[in-house]
Amino acid sequence: MSASWADVADSEKAASRAKPAYVPPHLRNRQSEPVAHLPQNDRGGYGGQPSRWAPGGGVGGGGGYRNDVGRPGQGYGGRGSGGWNNRGGGWDREVNPFGDDADLEPAVLENTGINFDAYEDIPVETSGGDVPPPVNTFADIDLGEALNLNIRRCKYVRPTPVQRNAIPILLAERDLMACAQTGSGKTAAFCFPIISGIMRDQHLQRPRGSRTVYPLAVILSPTRELASQIHDEAKKFAYQTGVKVVVAYGGTPINQQLRELERGVDILVATPGRLNDLLERARVSMQMIKFLALDEADRMLDMGFEPQIRKIVEQMDMPPRGMRQTMLFSATFPSEIQRLAADFLSNYIFLAVGRVGSSTDLIAQRVEYVHEADKKSHLMDLLHAQRETQDKQSLTLVFVETKRSADALENWLCMNEFPATSIHGDRTQQEREVALRSFKTGRTPILVATDVAARGLDIPHVAHVVNFDLPNDIDDYVHRIGRTGRAGKSGIATAFFNEKNAQLARQLAELMQEANQEVPEWLTRYASRASFGGGKKRGGGRFGGRDFRREGSFGSGGGRGNDYYGGGGYGGGGYSGAPSGGGYGGAPSGGYGGGVTSAWD
DNA sequence: AAAAAAC
């Protein structure tokens, strides 16, 4: 069904030999792409097989039934089963988001090939008063029966480091600012406590009678695709808990979302613009908000977003900090942004946590000097080489600077018989979702993207991230390369560097050095030359950041805290790098054996 | 200067 890269390339090569007809990319995508409303599961690992799983709790299952909220890529195949949702639509059938539930056998929960010892080496730093201690297993946490069952259905065996630390903090009703590596299981880390907390508060009566709805939790995301992904995840975690999760974002008709909201909402996942719209229309009120979560929090508070977020959090009807629980998550958290974020938080705990084989160990980073004019041919060389060596599943994500150049590069790749598609903010939402699905399924194993795809998106099988144009911000680089090397798999990141990127040289060289990557000699020269620019102070590659409240105590007022980078002075002790096998050697060195789904996000 | 996010 999904053609592999090599297959597509070969067949297209053959076709073009016979008849060199160029098909523009936008038409190409339409040809055999399923229509928008056709339910199709594009999330790897959760299978599209209709399930005949019957809920163990004795809640009746429905007949053959498919629910489709009307967004492409949304519908899960599966048999609906009645939930006991007692708010706004208890009659609703809840789709089983677990395509395949075959094994809830104890055997699955053991012998998973996970190197548990490696968990002991995770560097963790917390600050703030009275930090609740971490837990070692999900069983150590009282999340409730229904949620525990869903965790098992997700085949999460043990909590990831960020979950081990963040969940107890959040269950203790503390505010949290959390820095954790890309792909480290952040979504579950904030979803579990939210769902659990809402289940406990289910007696809460909310105003009725008007068309206004009163969610108890709101989760904000900087992009629509990430909001959609969080929604999908949250629905799995909330299955049969009676907690209703709804998503709202722009680029798609609002009426469907309004109808969905009217049927009841506990957790609203949203992008800022659409949420503001809903608030202004008084279709959503935040009076009852108990939980506020910002994913990719540093992005949510950067110059473009800050006013919108401030409006939502401070100028509408949201309870003030201290009267709600606020949680901010990101892989990067520059101190300027932490300073802004502190406005939203009350007596919060700062948490910075690494992971088993941090992404920097699992991602082989390369930098190549490529003049602007040579980039395309250089990319082609890479793709040709990769076509020879990589397996057919593997995907390549190519980042460019502008929407225009994304279109141009996609077009150029297609003309040169490379099956590519693109995603950026000038494409319609439908085009964006089609492109993403086409990439995920391997139909077009090359995706050209702007930074819209840089953060949070979990795309299995991305083997190679190419920074065709490097970003100006090193944190953006961190997020981009984090699209590969996920869930314990290794990945490659290649960057094209030239004069235009001189400003980034020093930070890039430092980042690579911290990650035990080979830094080309010419880059080191660039880095020392461009040292005046310096760029911003990074929190450190291993932790993703440090609490800005503690900066003074390290006496690094003007420069950067060398002690931070040196690894000295931290209770976590020595960081031992990759858990099994050294560095990048070809074979995945992560702690997960094949087929094991962990709680990485 | 660019990207993202509402109509």
Side-chain angles (χ1 to χ4, degrees), chain A residues 71 218-231 246-258 260-261 268-284 286 294-313 315-316 330 332 334 337 340 372 397-410 422-433 435-436 447-457 467-480 483 496 498-504 533 535:
Chain A
R71 283 187 301 109
V218 62
I219 299 170
L220 292 174
S221 145
T223 67
R224 297 163 183 172
E225 285 77 14
L226 181 56
S228 174
Q229 178 181 299
I230 295 166
H231 174 238
V246 176
V247 69
Y249 53 74
T252 182
I254 201 169
N255 284 336
Q256 177 81 34
Q257 290 169 9
L258 288 175
E260 198 63 35
L261 286 167
L268 179 57
V269 185
T271 49
R274 178 56 61 91
L275 178 58
N276 264 325
D277 190 355
L278 292 166
L279 291 168
E280 281 167 7
R281 294 173 189 230
R283 296 301 296 261
V284 170
M286 291 185 300
L294 303 195
D295 201 4
E296 307 298 339
D298 61 332
R299 165 64 79 240
M300 301 303 279
L301 291 168
D302 79 6
M303 288 209 315
F305 270 123
E306 198 215 349
Q308 294 180 68
I309 302 301
R310 249 181 221 289
K311 184 174 175 192
I312 291 169
V313 177
Q315 286 151 38
M316 308 301 280
S330 183
T332 53
I337 305 285
L340 295 176
E372 212 59 34
L397 182 49
V398 183
F399 282 104
V400 295
E401 195 60 20
T402 67
K403 293 177 278 198
R404 267 190 59 195
S405 54
D407 281 335
L409 186 57
E410 176 201 10
S422 72
I423 186 167
H424 61 70
D426 274 355
R427 302 200 76 188
T428 67
Q429 192 53 31
Q430 178 160 344
E431 286 170 332
R432 285 164 58 158
E433 286 170 23
L436 193 55
L447 179 66
V448 184
T450 60
D451 269 330
V452 71
R455 285 170 172 260
L457 296 187
N467 274 291
F468 189 90
D469 301 318
L470 271 163
N472 295 318
D473 188 328
I474 192 69
D475 284 345
D476 290 333
Y477 175 84
V478 171
H479 285 273
R480 286 179 177 188
R483 295 316 99 210
F496 296 173
N498 61 39
E499 312 79 42
K500 281 175 63 181
N501 312 113
Q503 170 256 131
L504 195 70

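Naming: A, B, ... by sequence-line order, numbering from 1 per chain.
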Does [X] have a side-chain nitrogen or oxygen under 4.0 Å from the phosphate oxygens OP1 or OP2 of [N]?
X	N	answer
Lys500(A)	dA1(B)	no
Arg404(A)	dA2(B)	no
Thr450(A)	dA4(B)	yes
Thr271(A)	dA6(B)	yes

Distance check needed: [N] [atom2] versus [X] [atom1], whole Å only.
X	N	atom1	atom2	answer
Asp473(A)	dA1(B)	CG	P	17 Å
Asp295(A)	dA4(B)	CG	P	18 Å
Asp476(A)	dA2(B)	CG	C1'	10 Å
Leu275(A)	dA6(B)	CG	C1'	11 Å
Met303(A)	dA3(B)	CE	P	14 Å
Asp302(A)	dA3(B)	CG	C1'	9 Å
Asp469(A)	dA3(B)	CG	P	11 Å
Gln429(A)	dA4(B)	CD	C1'	12 Å

Taking only residues two or more places apart in sequence or in another chain, which ones pass salt bridge (charged side-chain N to carboxylate O under 4.0 Å, His left out) with Arg432(A)?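 Arg432(A): salt bridge (charged side-chain N to carboxylate O under 4.0 Å, His left out) contacts with Glu225(A).
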
Salt bridge (charged side-chain N to carboxylate O under 4.0 Å, His left out) partners of Glu280(A), counting only residues at least two apart: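 In terms of salt bridge (charged side-chain N to carboxylate O under 4.0 Å, His left out), with neighbours along the sequence ignored, Glu280(A) is linked to Lys311(A).
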
Counting any heavy atom closer than 4.0 Å, what does [X] reach on the DNA or RNA strands: base, sugar-phosphate only, or nothing?
X	answer
Asp277(A)	base
Arg299(A)	nothing
Gly425(A)	sugar-phosphate

Under the salt bridge (charged side-chain N to carboxylate O under 4.0 Å, His left out) test against Asp451(A), which residue among Arg299(A), Lys403(A), Arg480(A) passes?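 Result for salt bridge (charged side-chain N to carboxylate O under 4.0 Å, His left out) with Asp451(A): Arg480(A).
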
I want to verify a distance call: between dA6(B), dA2(B), dA4(B), whose nearest atom is closest to the His424(A) side chain?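 Between dA6(B), dA2(B), dA4(B), the one nearest the side chain of His424(A) would be dA4(B).
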
Between dA6(B), dA4(B), dA2(B), which nucleotide gets closest to the side-chain atoms of Arg432(A)?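 Ranking dA6(B), dA4(B), dA2(B) by closest atom to the Arg432(A) side chain puts dA4(B) first.
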
Can you spot which of Thr402(A), Asp407(A), Thr450(A) makes a side chain to side chain donor-acceptor pair (under 3.5 Å) with His424(A)?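 Option passing the side chain to side chain donor-acceptor pair (under 3.5 Å) with His424(A): Asp407(A).
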
Is it true that a side-chain atom of Arg483(A) and a backbone atom of His479(A) form a donor plus acceptor pair closer than 3.5 Å?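 Pair found, side chain donor or acceptor close to backbone of His479(A).
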
Checking only heavy atoms, does the side chain of Asn472(A) share a donor-acceptor pair with the base of dA1(B) at less than 3.5 Å?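 It does, because a donor-acceptor pair links the side chain of Asn472(A) to the base of dA1(B) below 3.5 Å.
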
